[in-house]
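Quick notes on the structure that follows.
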Amino acid sequence: MPVKGHLTKVAKTVAKTVLKIAEVDPKWIDLVETNETTVDTLLHCFLREMNCTLFQSLSSPDDAQKLPQKKAGPRYISVVGDTPSAMTLVQKLAIYFTGNGTSLSEGSCQDGAIRSKYSDEKHYLETMVWNRAEKLCRVGHVFETNAKSPAFLTHDYDSAQYSTWAESRWDVDPTLSFYVAVSDRVENVSLGLGLTMLVLSFVGVWYGNRKLVRAMAEGPYNINTSL
């Protein structure tokens, strides 16, 4: 079975399990279905060409031009920084598949980020999304929260119970460099081999030049080519 078939079955199982944990009525759980074509489209967009038709339709004209062509987009998630394009697209996809269509215009839809009744720690993000292909504004309950480790809340940075991490970035594209410090023994051996090769090279050039000069002095018919 192709990968898309396996993922379609996994998605259906996960969806039913989540609904069961949420204590949804079993009659609604039995109605859950997954679409293999949709899974195949998402695989293509995320792993092969992020500039696909679906992502183009959910992005603004400016954002659509920034989508990578003929390749997958960056999925690096920073501790602090800009929201990755893949994460924003996932939020828009959630609205696209689960949201409701409205009669709002394109201008009202793009400017209509609905704020939640909750505190600043929890607010709706990209609640409205304009589908350029359908020319339809969809509204869905998609929000984000800060994933703060309890270690940072209690300032227990040496905690063995909660995860902690640090990050340094100097440019837009994430890079990682390894600097290996060799031992003194390896450095001494490398220096010794280098000096030995240098001396042998000088000796070889001197000896070869000496034989060549002697051969040229003997004349063109008595050249001794042996070393």
Side-chain angles (χ1 to χ4, degrees), residues 1-79 81-104 106 109-110 112-114 116 122-147 163 172-174:
M1 179 182 294
V3 175
K4 61 181 180 181
H6 289 292
L7 289 179
T8 302
K9 289 185 176 181
V10 170
K12 184 176 182 179
T13 302
V14 171
K16 288 188 173 183
T17 302
V18 171
L19 293 176
K20 185 177 181 180
I21 294 175
E23 298 182 352
V24 175
D25 193 326
K27 68 178 182 180
W28 298 111
I29 297 178
D30 294 335
L31 297 177
V32 173
E33 293 293 339
T34 50
N35 190 306
E36 188 170 314
T37 302
T38 301
V39 173
D40 186 42
T41 301
L42 293 176
L43 285 174
H44 173 77
C45 292
F46 276 112
L47 303 180
R48 292 186 178 180
E49 185 176 4
M50 210 165 189
N51 192 28
C52 62
T53 303
L54 176 59
F55 287 179
Q56 284 275 350
S57 65
L58 297 178
S59 304
S60 65
D62 293 336
D63 292 338
Q65 293 181 354
K66 300 176 183 178
L67 293 175
Q69 297 184 5
K70 304 298 182 181
K71 65 177 182 179
R75 292 179 292 275
Y76 179 78
I77 298 178
S78 173
V79 176
D82 296 332
T83 303
S85 57
M87 179 178 174
T88 302
L89 285 170
V90 168
Q91 294 166 345
K92 292 183 176 181
L93 286 170
I95 300 173
Y96 173 72
F97 288 116
T98 65
N100 299 318
T102 67
S103 58
L104 293 174
E106 181 177 1
C109 187
Q110 292 179 346
I114 301 175
S116 169
K122 188 176 184 180
H123 60 275
Y124 287 116
L125 177 66
E126 297 286 346
T127 303
M128 292 183 178
V129 60
W130 177 260
N131 189 321
R132 292 195 293 158
E134 298 179 345
K135 297 189 181 303
L136 178 68
C137 181
R138 292 184 179 273
V139 179
H141 300 293
V142 178
F143 60 88
E144 66 173 5
T145 59
N146 291 328
S163 61
V172 176
D173 297 324

Open item on the list: For a 4.5 angstrom cut-off between non-hydrogen side-chain atoms, does Lys92 reach Phe97?
Closed with: no

Task: Phe46 CZ to Leu54 CG distance, which is reported to the nearest 0.5 Å - done: 8.5 Å

- [ ] Kindly compute the distance separating CG (Leu89) from OG (Ser59), expressed to the nearest 0.5 Å.
- [x] 5.0 Å

Task: Test item: Arg138 side-chain N/O and Trp130 main-chain N/O as donor-acceptor pair under 3.5 Å - done: no

TODO: Check the pair Asn35, Thr8 against side chain to side chain contact (heavy atoms under 4.5 Å, CB included), reporting the backbone distance first and the verdict last.
DONE: CA-CA 7 Å; Asn35 190 306; Thr8 302; over 6 Å; no

Name the atoms and distances for all side-chain donor-acceptor pairs under 3.5 Å in residues 11-25, with sequence neighbours left out.
from, atom 1, to, atom 2, distance (Å)
Lys12, NZ, Glu33, OE1, 3.4
Thr13, OG1, Lys9, O, 3.0
Thr17, OG1, Thr13, O, 2.7
Asp25, OD1, Lys27, N, 3.1

Open item on the list: Which heavy atom of Met50 sits nearest to which heavy atom of Phe55, and what is that distance?
Closed with: O-CD1, 3.3 Å

Open item on the list: Could you measure the distance from the CG atom of Leu136 to the OG atom of Ser103? Nearest 0.5 Å is fine.
Closed with: 9.5 Å

TODO: Test Tyr96 against Gln91 for side chain to side chain contact (heavy atoms under 4.5 Å, CB included), laying out the working first.
DONE: CA-CA 9 Å; Tyr96 173 72; Gln91 294 166 345; over 6 Å; no

- [ ] Hey, could you give me the SG/CD distance between Cys52 and Gln69, rounded to the nearest 0.5 Å?
- [x] 11.5 Å

- [ ] Decide side chain to side chain contact (heavy atoms under 4.5 Å, CB included) for Glu49 and His44; before the verdict, give the C-alpha distance in whole Å, the side-chain angles of both, and the deciding distance to 0.1 Å.
- [x] CA-CA 6 Å; Glu49 185 176 4; His44 173 77; 3.7 Å; yes

Open item on the list: Donor-acceptor check, side chain of Ser57 to backbone of Arg132, threshold 3.5 angstrom: yes or no?
Closed with: no

Open item on the list: Could you tell me if the side chain of Leu42 sits less than 4.5 Å from the side chain of Leu7, heavy atoms only?
Closed with: no

Open item on the list: Would you say that more than 12 heavy atoms from the other residues, nucleotides or ligands in this model lie under 6.0 Å from the CZ of Arg48, or not?
Closed with: no

Open item on the list: Would you say Thr37 and Asp40 are linked by a side-chain donor-acceptor pair, where the criterion is simply a distance under 3.5 Å?
Closed with: no

- [ ] Look up atom CD1 in Ile95 and atom CG in Asn131, then write down how far apart they are to the nearest 0.5 Å.
- [x] 11.5 Å

Task: Interatomic spacing from OG1 in Thr38 to NZ in Lys4 - rounded to 0.5 Å - done: 11.0 Å

